[in-house]
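Everything numeric in this text was worked out from a predicted model, so none of it was measured. Order of the sequence lines sets the chain letters (A, B, ...), proteins ahead of strands, with each chain counted from 1.
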2 protein chains.
Amino acid sequence: MDARSAPASIEQLLDRMLQISDDLPKRLKQCADYVATNPDRVAVSTVAEMAEGAGVQPSAFMRFCQVLGFSGYSQMQRLFRESYAQNWPDYATRLEKLRESGAGRPSALLAEFVEAGRLSLENLAKTIDPQVLDSAIKALAEAHMVHIVGLRRAFSVASYLAYAFEKMNVPTMLHDSVGMLDSRHAIRADDAVIAITFAPYTPETVKLAETAHHAGADVVGITDSLASPLRPVTTQILTVSEADFGDFRSLSATLSLAVTLVVAVGTEMRARENGISLLRSDDK
Amino acid sequence: MDARSAPASIEQLLDRMLQISDDLPKRLKQCADYVATNPDRVAVSTVAEMAEGAGVQPSAFMRFCQVLGFSGYSQMQRLFRESYAQNWPDYATRLEKLRESGAGRPSALLAEFVEAGRLSLENLAKTIDPQVLDSAIKALAEAHMVHIVGLRRAFSVASYLAYAFEKMNVPTMLHDSVGMLDSRHAIRADDAVIAITFAPYTPETVKLAETAHHAGADVVGITDSLASPLRPVTTQILTVSEADFGDFRSLSATLSLAVTLVVAVGTEMRARENGISLLRSDDK
DNA sequence: GCGCCTTTGGAATAAAAATTCTACCATGGT
DNA sequence: ACCATGGTAGAATTTTTATTCCAAAGGCGC
C-alpha cells in the first residue's frame with residue numbers, strides 16, 4: 001500500500017479501493033464507501049462537499065486520496081473529469097501532421113479514422129437520452145408518411161434511412177434539393193419528418209423542417225450541436241457529435257443512430273398493428 | 001440586455017443562447033458556439049479552460065455568462081453540475097444500462113448497434129491489407145476521373161464518396177441506375193471505378209464493374225466477402241465485414257474506409273502535383 | 001475624419017478551494 | 001496506569017480559480 005503509483009483509470013481506482021478498504025481506518029473507510037456509491041459526484045464536487053457527504057473532515061478525505069496513491073484530491077478529480085468530458089484529440093491537427101511528416105501512409109490514416117469512429121460511437125451511447133429516442137420513434141411510428149431530408153454531407157444518411165425504411169415497409173419520401181420546392185407542400189400535419197444537418201448547416205434542410213413544423217407535423221432532428229438551427233423547429237432533437245477530422249467525418253455514430261431509428265420504428269409499427277406498443281407510455 | 005433572470009434549466013439556457021446569439025459580439029458568440037457544441041464540458045472545466053476552448057480571454061467568457069443572466073461562471077456551472085448525475089457513467093456502464101433498462105426498447109437496440117459498429121471498426125483495422133489499400137489509392141489518384149457505383153444499401157456509401165471527392169476536387173462521377181446504361185460508356189481506360197456492393201449483390205453494380213474492367217479501367221471493389229462476384233472484375237478489392245444485428249447493419253466500418261480513401265487520394269493527388277508521392281513504391 | 005459608444009485583452013484583486021500542520025484523542029500493548 | 005503508535009479535527013497556509021477593473025482598440029454614425 002505504498003503511494004507511489006496513482007491509478008490511471010477509474011476502474012483501477014475502484015479495484016484498489018476494494019483491495020484496501022478492509023484494513024482502512026474508520027474515517028478513511030467512510031470515504032471509500034462514499035466514493036464507491038457516488039462515483040459520479042467526484043468530478044463535480046469540492047473536497048469539502050465530498051467530505052461532508054462521507055461524514056468526515058476535509059483533511060480526512062485528503063488523506064484518503066493520498067492513500068490511494070494520488071498527490072491530493074485534485075489529481076484524483078482530474079481522473080474523473082477526464083473520463084467524463086469527451087476528450088477526443090484534435091484530429092484536424094493530427095491529420096496535418098500526418099500529411100506533413102509524410103508518414104501519412106493510408107493504413108495510418110485508416111487507423112485514425114477507425115479510432116475516431118470508435119470514440120464517436122462511445123460518445124453516442126453516453127449522450128443519447130432514451131426518452132427522447134422513445135418519443136422520436138413514437139412520433140415516426142404514428143406518422144402516415146415519413147419524410148426524410150438531408151443534403152450535402154448528410155445526404156448519405158438520408159438515403160440510407162430512405163432505403164432502410166422502404167425495406168421495412170414504412171411509407172417514406174426522400175426529399176432532395178431538386179424537387180424540393182414542390183415536395184414541400186406534400187407534408188401534412190399527420191406526417192413526420194426526419195431532418196439531418198451538420199455544421200455548417202444547410203439552409204434548405206432547415207427551411208423544410210420549418211415548413212413542416214408550422215404545418216403541424218412532427219419533426220425529428222438529427223444534428224451535431226445543441227445550438228443547431230434545427231432545434232427551434234423540431235419536436236425531438238437527437239444530437240450526435242462525431243469526432244471530425246478536418247472537414248471530414250465518417251458518420252459512424254450517425255449511421256448507427258439511423259439504423260436504430262429504422263428498426264425501432266419498424267418493429268413498433270408491427271406491434272401496433274397487433275394492438276400493443278413496445279414503448280412505455282404508462283409508467284414514469 | 002437585462003440580466004434579471006438567470007436560466008433555471010439547461011434547456012432554458014440553450015433557448016436563451018439561441019435567441020440572442022445572433023446579435024452577440026464576436027467573442028461572445030464564440031463562447032456561445034463552444035458551449036453549445038460542448039455543453040458537457042461546462043460542469044467539469046474552469047473558466048480558463050472554457051475560455052481557451054472557445055478561443056477567448058477568461059474575462060470575455062465571464063461577460064458571456066453575465067449576458068446570459070448569471071452572476072458569473074460559477075452560477076452557470078452550478079446548473080450544469082446539478083444535471084450532471086444522470087449521464088456520468090463511462091461507456092461500458094452506460095451501455096450496460098441501455099441494454100438492461102430498456103430490454104426490447106429502442107435504447108437497447110441502440111446499444112446493440114453501437115456495439116456492432118465498434119466490432120466492425122475493430123475488425124476493419126485488422127483485416128485491411130495496407131498494400132491493397134496503397135495500391136487502390138494509387139490507382140484512384142492516377143485516374144482522370146473516378147466513377148462511383150453503389151446501389152440500394154450501398155448507395156449511401158457511394159453518395160458519401162461522391163460528395164467527399166467533390167470537396168477534395170477530385171473529378172468524380174456518381175452512377176445510379178437511372179442513367180446507367182448510357183453512362184456506362186463514359187468510362188475510359190484511364191479512368192478508375194469504385195464499385196460497392198454487399199450480399200445479396202446488386203447485378204447492375206457488378207455489371208458496370210465488369211464493363212469498366214474490360215475497358216481497361218482500374219476497378220476498386222468494396223464488398224463484404226471474398227466470394228463476392230465483384231472479385232473477378234476488380235484490380236483491387238477491399239473487404240469489409242460489418243457485424244450485423246438482425247438483418248441490418250450500420251455501415252460504420254464501410255464509411256470509415258470510404259473517408260480514408262477520399263482523404264488519402266486527395267492528399268496523394270496534391271503531393272503528385274508537387275512531384276512527390278506519399279506512397280512507397282520503391283522499398284519493399 | 002472626429003467623437004462616442006461598444007468591445008476587447010490583460011493585469012489586479014478577491015474569493016474559494018486545496019493542502020498542510022499541529023495539537024489532541026483513541027487504542028493497544030507493557 | 002502509562003506510554004507509544006496511529007488517527008482525527010480543525011485551524012492556518014498556500015495555491016488555484018473566479019471576478020472585476022481599466023486602458024486600449026475597434027467600429028459606427030454624424
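Closest to the B:Val47 side chain, of the nucleotides C:dT7, D:dA9, D:dT19, is D:dT19. For B:Lys26, counting side-chain heavy atoms from C-beta on, the closest listed nucleotide (C:dT19, C:dA18, C:dT8) is C:dT8. Listed candidates were D:dT19, D:dG7, C:dG10. Nearest to the side chain of A:Pro25 is D:dG7. Side-chain atoms of A:Thr46 lie closest to C:dA17 of the nucleotides C:dG9, D:dT19, C:dA17. Taking every side-chain heavy atom of B:Arg63 into account, C:dG9 is the closest of C:dA18, D:dT8, C:dG9. Relative to the side chain of A:Leu28, the nucleotides C:dT20, D:dA18, D:dT8 differ in distance, and D:dT8 lies closest.
Nearest heavy atoms, A:Val114 versus B:Leu121: CG1-O, 3.6 Å.
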### Worked verdict on B:Lys29 versus B:Asp22 for salt bridge (charged side-chain N to carboxylate O under 4.0 Å, His left out)
CA-CA 8 Å; B:Lys29 186 153 176 30; B:Asp22 280 334; 5.2 Å; no
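As a whole-Å value, the separation of A:Glu52 CD from C:dA18 C1' is 17 Å. Going from atom CE of A:Met50 over to atom P of C:dT19 covers 14 Å, rounded to whole Å. The distance between atom NZ of B:Lys29 and atom C1' of C:dT7, rounded to the nearest whole Å, is 16 Å. Nucleotide C:dA18 holds its C1' atom 12 Å from the CZ atom of A:Arg78, rounded to whole Å. In this structure, CZ of B:Phe64 is placed 14 Å from P of D:dT19, rounded to the nearest angstrom. For the pair A:Arg81 CZ and C:dA17 C1', the interatomic distance rounds to 11 Å; values are reported in whole Å. Protein atom OH of A:Tyr73 is 10 Å distant from nucleotide atom C1' of C:dA18, rounded to whole Å. As rounded to whole Å, 12 Å separates atom P of D:dA18 from atom CE of B:Met76.
Neither OP1 nor OP2 of C:dT8 sits under 4.0 Å from any side-chain N or O of B:Gln57. The side chain of B:Gln77 contributes no N or O atom lying less than 4.0 Å from OP1 or OP2 of D:dT17. In this model, the phosphate group of D:dT20 is approached by a side-chain N or O of B:Gln66 to a distance below 4.0 Å at OP1 or OP2. B:Ser74 has a side-chain polar atom (N or O) that falls below the 4.0 Å cut-off from OP1 or OP2 of D:dT19.
The base of D:dA9 lies close enough to the side chain of A:Ser59 for a donor and an acceptor atom to sit less than 3.5 Å apart.
The backbone N or O of B:Gly72 sits nowhere less than 3.5 Å from a side-chain atom of B:Gln75 that would complete a donor-acceptor pair.
The shortest side-chain heavy-atom distance between A:Phe113 and B:Leu255 does not fall under the 4.5 Å cut-off. At a threshold of 4.5 Å between non-hydrogen side-chain atoms, the residues B:Met50 and B:Phe64 do not count as touching.
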